[in-house]
Structure formats: structure tokens, C-alpha cells
Asker: 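Here it is, the structure in full.
Convention: sequence-line order gives letters A, B, ...; per-chain numbering from 1.
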Number of protein chains: 2
Amino acid sequence: MAKRRQAVTIKHVASDAGVSLQTVSRVVNKEPGVRPEMASRVQASIDKLGYVPSIAAQRMAGSRSYLILALNDRERTIADWRARQGTDWLDQMLLGGMLTCAEHGYRMIVELVDTHSDHIERELMGAIAALQPDGVILTPPHSGNPLIINLLAAQGISFARIGSLTEGPGIRLIMDDTRAARIATEHLIAQGHRRIGFIAGPDDYELSAWRVDGWREAMAAADLEAVDLLGDGDFSYASGRAAAQALLALTRPPTAIIGGNDQMTLATLDVARERGMNVPRDLSVISFDDTPIIRLARPPVTAVVQPIAEVSARAVSLIIADLGQSPHDGTPVTVAAQLTLRESTAPPVAVENGT
Amino acid sequence: MAKRRQAVTIKHVASDAGVSLQTVSRVVNKEPGVRPEMASRVQASIDKLGYVPSIAAQRMAGSRSYLILALNDRERTIADWRARQGTDWLDQMLLGGMLTCAEHGYRMIVELVDTHSDHIERELMGAIAALQPDGVILTPPHSGNPLIINLLAAQGISFARIGSLTEGPGIRLIMDDTRAARIATEHLIAQGHRRIGFIAGPDDYELSAWRVDGWREAMAAADLEAVDLLGDGDFSYASGRAAAQALLALTRPPTAIIGGNDQMTLATLDVARERGMNVPRDLSVISFDDTPIIRLARPPVTAVVQPIAEVSARAVSLIIADLGQSPHDGTPVTVAAQLTLRESTAPPVAVENGT
DNA sequence: CTGAAAGCGCTAACAG
DNA sequence: CTGTTAGCGCTTTCAG
């Protein structure tokens, strides 16, 4: 392979325009203090020669790398890819993140990191040393990991934390899971449901607890008993089955169940079917994730739609702003999730009395 | 933002190990000509300090960038993301590509490029100048684009072309669409079908024609007439509807239809349902894409499973090999697709005579 | 087998 | 407002 060098460098532009390297650099970086006529002359040469700065050189010279790292959980991401169930968390993230990056001349690089590894630190530092990203986007469960957060802060890298409210450095963004859970629960209550179950996610995802909180709040506000209606899951289909089975085997089973994510909701649907129950007639179901599998299920499932693309876009914007003049003030940013009604929810056949 | 420098550089390692920069460099790059004891001493310092080379510096100094660019069609990719139908082409590509990259110390960067733009050249050159990737993976319809191919070849960049057999430079990889289409068709013939329709994709995808070829071959081999059974589509749902409607409105309609991709197959399913036909009793259907939407359809659809992850993995391996000692010889690489039987295919109710 | 010198493309810090 | 100088971290020569 022939040794490849930059085809057209800042030098070519400088000599073509008859100015110094520095002037070209200033024009490229839109720095002030260049006479308009000079600037347009330089710009003309840039366009003519098709000059594009090398990010490697820019980074080397102490400027930016124009790279933003999106850190995702390795195990879960690979499992989702392999399962081919249409889980599109990462896709939505790319949609929002990549496009926003592109608008600002940045690129997004996806990096998978083991959550439960004892050498997260080495992995992360390796990626940072190799790539020298200007910013990092953390997704759950990394976004709440103090090790990662402090490491990034120590490196002086701008980073966004999606789905975490844990105190600490970094730009925090949430989708207000508590509110979304409350709205979902209220919707069921408004339909006449009194016994509403909730299948929670695992503890290492902060949002698991938030969702439970929203459900609890709505139940309490309506004076409904919730204590025995909380199912225990870990986001997996199997855990969803177990939780749904336990809930439906109660003496006074719920007439509606909210699943903490799509897989557990799907499991609930299957368990209900196996028990000869019709959804939504005998059991209403709401999912806390609007993946294709939920949309294509029979019946199509009412779901909380997470604005992942929008959150990612915001995360990128905020990181880039933070890099520049307007450092982030630390206030968490909220992007509202929505409840999309479909055919899996209906008033209960026989309304029971709460408590 | 504090100016960030490499935390630990080759210099630190060199002084820690008491050797020259050069020796460290040789150890890092596994170059021969370093005494084992020396090498292990250096390696110890590397591990101790957690040194990771900066790819920016490596690239600057004329070495590799350890970056591989995955070029995808912008319009289609974004449309798929927005539609949230679970299309996981890109995900499968990342699965195979990213993991294989990681094994070799490379990173994969996804880049979206407009196919029909008149400035593809500028876009591509911009990405290359900015990132200086060591390799590029081209997906349809880019993989057959002579402008792109020649540009890459002129730059001396290793690149893989997935789904294109057009003559020219680059490592070609295909999934043997012709064979897959033949197998799908043969399966239907074996079930007793004589009138088998095929809905083709758009011309700018070479594989569209290959799939049609496989169907034609199988039909011809069984002495079946095919000429009036070719539907015209462009991979969109709407085009699939139109084609399916046209086919089913024939005087002697097909008893089975193979859709050129998932959306067109889905459209076929819907059209059949609207006409009061039961699948598979009144119409057998096979999809040429095994996306979640096809797997979750009612009934679950028999489909050709494209080994996208495997092809991407191979593409990365071949590019990296090409970069090193074993330049690729130009022979197209084939990875076989498989037919996964589900519930959308059955023998026809009344067997007609072909021709 | 190992080291020293030069330079990749660019920007920061100074001068003019 | 513009140009000059000195590196950034690494690999490539080319000497020892």
C-alpha cells in the first residue's frame, strides 16, 4: 500500500492564496481578525483545492479532535444485535447523535464497554488515549457509574450522562421516567383500573427506580394499594415471565400491568395468553419502551415512547456548546417522553375496589 | 476547558524503561529486531503506565490511522431509523464490523453519504481527508458506484465492496443472492407451486437483478413460465403494494410470491389480506430479508436470511489483511445466505398447470 | 540490534 | 491585522 499523505494541506492553500499558514488556519477556524478580502481569497483557494483539515493534525497541534465517543454497554448491545428483535436504542441514538455531530463538523464513534468489568478504567482510558475525543456520551448504566464519571472529569473531557441523576460532574439528561410512569398509570386509573401491577427493571439502571416511583405516586394519589403489585425483573424476557406469572397468580390479581421495558412487557403478553386471558379485555398492558416488537405485537401495545434520538441530539449540542463559550451549568435537562395509545389497554371488565 | 495533552506518551515509557523512543515504538508495533529481554522490559513499563498510542500521532507520522469507514446510503439509513420498523441492516453491520475491528485494534466509523448527490466526490474526499481511514467498506448502492470506487483506488485506500460484482478495484463480497433466490423458488416449486411471482427491487442495486436471475433460473429449470410474473418494485412498501396488486389481478395469478425485500413482502401480505386471501393457504409468501418485521408478521414469514454480520466481519478482516502482507487477489468472496422456513409457505390448494 | 534526527499537518504563542 | 517560531506524539529514515 502506497504511503498516503494528505493530498492537499494547509501549505498548499497558503501558497495558492499567497498568505501564511496562520492566516489559512484562522480562516478555517473562523477566528476573528482577518480582513474580509483576505478571508475570501483564502476561502476561494480552499474551495478550489478542496482542502479539508486533517483532524489528526488538528488534534496533534492541541486543538480539537472533532470526535465524540458514544459509550454503550457491551453485553447488552451485542445481545440486542444478536437477538435481532428490532431493539433500536442504539439506532435512535445514532439518528440523533450522528446527525447533530455532522451539523457541527463532528463525528460520533460508538464504543462498547463492559459494565461489570473490573478494568473499565483501563478500557476507557485506552479509548480516550487512542481517540482523544472532545466529548463522551454516557448511556445507562454507565451514566451513573462514579468511576467513569470521575475519570472523565479528571481528564477534563466534556461529557453527557443520559438517564442518570446521580450527583457529580457531567451534563445530565433525562426523559423524565417518573412522569412518564405516572402518566401511564393515570391513564389506566382513568380507565377504571384499580389493581395495576408494575414490573421493575434492575437496580443498576437508575431509571428503573424512577419508573417505579412514578407508578407509586400515581397509585398513592388515587388512594390505591400498590405494595403487593410490584414485580421484580431485570429487563430480560425470562424475568418478565416470572414477574407476570407471580402477579397474575395473586389472590386479587391486577387488571393491568405496566412492563418496565419491552421484553418484560412481551413476556407479560405471552403469560396472559397462556393463561387464557385476552388482552386488553382481561388484562391491560403498557410497555415502557416503544420498540418495533411492541408496535408489531398482537395486539399492538400502548407504550411510553422514549425520545432517544432527541436526547442524543441534545447531548451532542450541549457537549459542543460546553466545549466552547458556554460551559454547562449542571442543571439536568429533561426531554419529555410520551404515551402512545394502542390496542392493549381498555377498561377492566369488572371494576374491583382498591384496598 | 483545560488544554488536554496525552497523559502518558511514548516518551514516558521510554524514560521509564530506560530505552530510546524508537525501541518503544518497535515494541508497540511488534516489529522484529528487539531483544526479548528488552522487549519485555518495555512491555512492563507500558503496562505499568497504561500507555496507549495516540492514533492521531501515529497517523501523522505516516503510519496507520486504525480507522475503517463504513459508508452507507444517507437517505435510506435515516429513513429506516425514522420509520422505527426494526430494519437492522446497519446494526448487523456494526455487529460484524465493530467487533472484528476491535479484535485488530481498529475502530469503525459510520459515515452517511448521499447516493444521488452530484457532489459525492467532495463528500467522500472530505471524509477521507479529515479521518484518513485505512480502509473503507462500501454498501449498496455505493459499492457499485464507479465514481466512488475509482476515487478510493486512486487514493490507495483498501476497500471492500459489499453486494457488488461490477468489475473494478476493491475487495468484493456477495451473499450469493442468485443462489438464495433459486433456493427460495425451488422450495416453492417443491411444494407444488407452478405460478410463482417475484417482486424485484430497484436497478441501482445490483443485487436486485441477481435475485431476479435466481428466480428465473429456478423457474426455467422447472420449465415454468415466468415472464408475466415479475413485479416491479423499488424496495418501498408502496411499490410492493402496487406490484402485488398487479400480480394478484392477473387472469392466472401466482399462488406464491417472493418479495425482493422485507417492505415489499409486507405489502404483499397486506394486499393478500385485503383481497380476502389467507396466507399461506391461498398464497405462499417468502421474504428476501429477515428483519424483525418479517419475523413478527402474521403469519411469521419464511425468509432468506442475509448473513450481513458475517459479511461485514469478513470485509474488515480482508481489508486489514490487504493492508498488511497479503493483498487481496480480487476474487469475489461469497458468504451463503440461508432460507429460514416459517409459516407463510404451504402447498397450493389447487395445483395449476404451468404454461 | 539500538539510537538520533527529521518531519508529518496543524495551531498556540509570540512578534511585527 | 498578519507572519514567524516552536512544538504536539509518533514513525520514518539513517547512523552507530
Side-chain angles (χ1 to χ4, degrees), chain A residues 1-42 46 49-67 105 128-132 134 323, chain B residues 1-42 46 49-67 105 128-132 134 323:
Chain A
M1 207 74 316
K3 191 187 311 173
R4 287 181 300 101
R5 284 234 184 68
Q6 196 79 342
V8 26
T9 74
I10 199 170
K11 277 187 190 166
H12 301 137
V13 176
S15 82
D16 183 81
V19 298
S20 73
L21 302 184
Q22 200 40 237
T23 303
V24 178
S25 175
R26 286 187 180 110
V27 173
V28 168
N29 296 302
K30 298 188 178 61
E31 281 171 26
V34 179
R35 238 183 313 149
E37 37 184 318
M38 189 102 266
S40 65
R41 180 145 58 99
V42 172
I46 289 175
L49 301 176
Y51 167 71
V52 176
S54 150
I55 65 168
Q58 291 186 131
R59 172 64 256 187
M60 282 296 297
S63 177
R64 301 184 177 183
S65 65
Y66 297 99
L67 256 27
I128 289 172
L131 260 13
Q132 313 245 79
D134 292 332
L323 250 25
Chain B
M1 207 76 313
K3 191 188 309 171
R4 288 181 299 102
R5 285 235 184 68
Q6 196 80 340
V8 27
T9 74
I10 199 170
K11 277 187 190 167
H12 300 135
V13 177
S15 80
D16 183 82
V19 297
S20 72
L21 302 184
Q22 203 35 239
T23 304
V24 178
S25 175
R26 287 188 179 108
V27 172
V28 169
N29 296 302
K30 299 190 177 60
E31 282 171 24
V34 179
R35 240 182 312 148
E37 37 183 319
M38 189 103 267
S40 65
R41 180 145 60 99
V42 172
I46 290 176
L49 302 175
Y51 168 71
V52 176
S54 151
I55 64 167
Q58 291 186 130
R59 173 64 256 188
M60 282 294 298
S63 177
R64 301 184 177 183
S65 65
Y66 296 99
L67 257 28
I128 289 172
L131 261 12
Q132 314 245 80
D134 292 332
L323 250 26

Asker: With the side chain of A/Ser54 defined as its heavy atoms from C-beta on, choose the nearest nucleotide among D/dC1, C/dC10, C/dT11.
Answerer: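 Of D/dC1, C/dC10, C/dT11, C/dC10 is nearest to the side chain of A/Ser54.
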
Asker: Taking side-chain contact (heavy atoms from CB on, under 4.5 Å) as the criterion, tell me which of B/Leu323, B/Ile55, B/Asn29 meets it with B/Arg64.
Answerer: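 When B/Leu323, B/Ile55, B/Asn29 are each tested with B/Arg64, the side-chain contact (heavy atoms from CB on, under 4.5 Å) holds only for B/Leu323.
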
Asker: How many Å lie between CG on A/Leu21 and C1' on C/dC14, as a whole number?
Answerer: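 About 15 Å, once rounded to whole Å.
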
Asker: Give me the one residue out of A/Val27, A/Val19, A/Val24 that meets side-chain contact (heavy atoms from CB on, under 4.5 Å) with A/Val34.
Answerer: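 The side-chain contact (heavy atoms from CB on, under 4.5 Å) with A/Val34 is passed solely by A/Val27 among A/Val27, A/Val19, A/Val24.
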
Asker: Where the side chain of B/Ala57 is defined as all heavy atoms beyond and including C-beta, which of C/dG9, D/dT11, D/dC10 is the nearest nucleotide?
Answerer: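 Selected nucleotide: D/dC10.
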
Asker: Within the structure shown, what part of the strands sits under 4.0 Å from A/Gln58 by heavy-atom distance: base, sugar-phosphate, or nothing?
Answerer: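 Sugar-phosphate contact only - A/Gln58 comes under 4.0 Å of backbone atoms but never of a base.
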
Asker: I need the CD1-C1' distance between B/Ile46 and D/dC10, as an integer number of Å.
Answerer: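 Result: 13 Å.
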
Asker: If you round to the nearest 0.5 Å, how far is CD of B/Gln58 from OH of B/Tyr66?
Answerer: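 So the gap between those two atoms works out to 5.0 Å.
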
Asker: Using the side-chain heavy atoms of B/Ser20, tell me which of these nucleotides is nearest: C/dA4, C/dC8, D/dT12.
Answerer: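 Looking only at heavy atoms from C-beta outward on B/Ser20, the closest nucleotide is C/dA4.
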
Asker: Base, sugar-phosphate, or nothing: which does A/Val19 touch, judged by heavy atoms less than 4.0 Å apart?
Answerer: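 Answer is sugar-phosphate: A/Val19 comes under 4.0 Å of backbone atoms only.
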
Asker: Can you tell me how far CD1 of A/Ile10 sits from OG1 of A/Thr23, rounded to the nearest 0.5 angstrom?
Answerer: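 Taking OG1 in A/Thr23 and CD1 in A/Ile10, the distance rounds to 9.5 Å.
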
Asker: Roughly how many Å is it from CZ in A/Arg64 to P in C/dA12, rounded to a whole number?
Answerer: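 Between P of C/dA12 and CZ of A/Arg64: 10 Å.
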
Asker: In whole angstrom, what separates B/Glu37's CD from C/dT2's P?
Answerer: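 The distance from CD of B/Glu37 to P of C/dT2 comes to 8 Å, rounded to the nearest Å.
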
Asker: DNA chain C: A/Lys11 or A/Asn29, which has the more 5' nearest nucleotide?
Answerer: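 Going by which nucleotide is closer to the 5' end, it is A/Lys11.
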
Asker: Whole-Å distance between C/dA15 C1' and A/Gln22 CD?
Answerer: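 Interatomic distance, CD of A/Gln22 to C1' of C/dA15: 12 Å.
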
Asker: Would A/Leu131 and A/Ser65 count as a side chain to side chain contact (heavy atoms under 4.5 Å, CB included) if you check the C-alpha gap in whole Å, the side-chain angles of each, and the deciding distance to 0.1 Å?
Answerer: CA-CA 8 Å; A/Leu131 260 13; A/Ser65 65; over 6 Å; no

Asker: Below 4.0 angstrom from OP1 or OP2 of C/dC10, is there any side-chain N or O of A/Tyr66?
Answerer: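 No, because none of the side-chain N or O atoms of A/Tyr66 sits under 4.0 Å from OP1 or OP2 of C/dC10.
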
Asker: Taking the side chain of A/Thr23 as its heavy atoms from C-beta onward, which of C/dG9, D/dT2, C/dA5 lies nearest to it?
Answerer: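 Of the options given, the side chain of A/Thr23 lies nearest D/dT2.
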
Asker: So which nucleotide from D/dC14, D/dT2, D/dC10 ends up closest to the side chain of A/Met38?
Answerer: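 Of the options given, the side chain of A/Met38 lies nearest D/dT2.
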
Asker: Nearest whole Å is fine: how far is C/dC10 P from B/Met60 CE?
Answerer: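 The distance from CE of B/Met60 to P of C/dC10 comes to 8 Å, rounded to the nearest Å.
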
Asker: Verify, without hydrogens or angle tests, whether A/Asp16 (side chain) and A/His12 (backbone) share a donor-acceptor contact under 3.5 angstrom.
Answerer: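 Between the backbone of A/His12 and the side chain of A/Asp16 there is no qualifying donor-acceptor contact (under 3.5 Å).
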
Asker: Closer than 4.0 Å, any side-chain N/O of A/Ser25 to the OP1 or OP2 of C/dT11?
Answerer: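 For C/dT11, OP1/OP2 do have a side-chain N/O of A/Ser25 under 4.0 Å.
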
Asker: Counting side-chain heavy atoms from C-beta on, which of D/dT12, D/dT11, C/dT2 comes nearest to B/Val34?
Answerer: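 Out of D/dT12, D/dT11, C/dT2, the nucleotide with an atom closest to B/Val34's side chain is C/dT2.
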
Asker: Roughly how far, to the nearest 0.5 Å, is the OG atom of A/Ser54 from the CE atom of B/Met60?
Answerer: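 Between atom CE of B/Met60 and atom OG of A/Ser54 there are 6.0 Å.
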
Asker: Using five base pairs at each end, measure the axis-to-axis angle across the helix from C/dC1-D/dG16 to C/dG16-D/dC1 and round it to 10 degrees.
Answerer: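 Axis-to-axis angle, ends of the helix: 40°.
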
Asker: Are OP1 or OP2 of C/dT2 and a side-chain N or O of B/Arg26 less than 4.0 angstrom apart?
Answerer: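 B/Arg26 to C/dT2 OP1/OP2: no side-chain N or O under 4.0 Å.
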
Asker: As a test of reading the structure: which of D/dC10, C/dG3, D/dC1 is closest to the side chain of B/Thr9, going by heavy atoms?
Answerer: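 The nucleotide sitting nearest to the side chain is D/dC10.
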
Asker: Side chain of A/Ala61 only, please: which of D/dT11, C/dG9, D/dG9 is the nearest?
Answerer: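 Selected nucleotide: C/dG9.
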
Asker: How many Å lie between CG on B/Asp134 and P on D/dT11, as a whole number?
Answerer: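 Spelled out: CG on B/Asp134 to P on D/dT11 is 13 Å.
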
Asker: Whole-Å distance between C/dC10 P and A/Gln132 CD?
Answerer: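 It is 17 Å, rounded to the nearest whole Å.
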
Asker: For a quick test of reading the model: is some side-chain N or O of A/Arg59 closer than 4.0 Å to OP1 or OP2 of D/dC8?
Answerer: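 So the side chain of A/Arg59 is outside the cut-off, no N or O lying under 4.0 Å from OP1 or OP2 of D/dC8.
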
Asker: Judged by atom type as modelled, is there a donor-acceptor pair below 3.5 Å linking the side chain of A/Arg26 to the main-chain atoms of A/Glu31?
Answerer: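 Checking the backbone N and O of A/Glu31 against the side chain of A/Arg26, no donor-acceptor pair under 3.5 Å is found.
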
